[in-house]
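Data first, discussion second: the structure below is written as structure tokens.
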Amino acid sequence: IVTPILRRIAAASAVAAALMTKPDLVILDEPTSGIDPLARRAFWRRITALAKGGVTVIITTHFMEEAEYCDRIAIQDAGEMLAIGTPQQVRDMAGHAGARDMNSAFIAIVEAGRKRRDAQAERRGVAAGRTEREDAQREQGRAPVGRGGDERHRAEEQGLDEHDVGRARGEGVDDGA
């Protein structure tokens, strides 16, 4: 059983190990996850002191209220950078929906980014003339009929596999030469 004391020790040990060589840059992934509020406060005091001392600190967190402690925030979703700036700038990017706090800003920015991505994907699908049926066929590993996959599709309907189709075209046949 992992106790709050063990979590606090583990978090402190991780920070201590990262700082042993007096680096110019420290990257911490979810350093306050699973620790109690007192340990979290102590951690942020230590990080703030490091930053004031000239160390660049990059932290990933799911705790948006912690993002308020940072000089700059980046929000990304599905590998796409959606917002970057000071906490106030990020809240401003979120508009009215993000004005309350960083959690609200995060949700508004991510939801807007997902809507934009979905709309772009829909436009690409329509522009390519694809249908839901064709997309389902692609997911099953079959090219849709009428889109360059006629031969394979017909072979599958007849119970043949891709090796049979290749042999029917003369591919992979040893002609003895």
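Among pairs with a residue in residues 103-116, those fulfilling side chain to side chain donor-acceptor pair (under 3.5 Å) read Asp77-Arg114, Glu80-Arg116, Arg100-Ser104, Asp101-Ser104, at least two apart in sequence or across chains.
Within the 4.5 Å cutoff, the side chain of Cys70 has heavy atoms near those of the Trp44 side chain. Between Ile59 and Glu66, every side-chain heavy-atom pair lies at or beyond the 4.5 Å cut-off. Leu28 has its side chain out of reach of Ile58: every pair of non-hydrogen atoms, C-beta onward, lies at least 4.5 Å apart.
For the ring pair (Phe, Tyr, Trp, His ring centres under 6.0 Å) test, no residue two or more places apart in sequence or in another chain qualifies with Phe106. His62 is linked by a side chain to side chain donor-acceptor pair (under 3.5 Å) to Glu30, counting only residues two or more places apart in sequence or in another chain. Residues that satisfy the side chain to side chain donor-acceptor pair (under 3.5 Å) test with Arg72, not counting sequence neighbours, are absent from this structure. Annotation: side-chain contact (heavy atoms from CB on, under 4.5 Å) contacts of Gln76 (sequence neighbours excluded): Met81.
Summarising the geometry, atom OG belonging to Ser33 is positioned 8.0 Å from atom CZ belonging to Arg40; distances are rounded to the nearest 0.5 Å.
The number of heavy atoms from other shown groups lying within 6.0 Å of CG (Asp118) is above 12.
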Mind listing the side-chain donor-acceptor pairs of residues 82-96 below 3.5 Å, one per line with the distance, residues two or more places apart or on another chain?
| residue | atom | partner | partner atom | Å |
| --- | --- | --- | --- | --- |
| Thr86 | OG1 | Gln89 | N | 3.1 |
| Thr86 | OG1 | Gln89 | OE1 | 3.4 |
| Gln88 | OE1 | Arg91 | NH2 | 2.7 |
| Gln88 | NE2 | Asp92 | OD1 | 2.8 |
| Gln89 | OE1 | Thr86 | N | 2.8 |
| Arg91 | NH1 | Glu68 | OE1 | 2.8 |
| Arg91 | NH1 | Glu68 | OE2 | 2.8 |

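Hydrophobic clustering, with ILVMFWY side chains joined whenever heavy atoms are under 4.5 angstrom apart, groups Tyr69 together with Val55.
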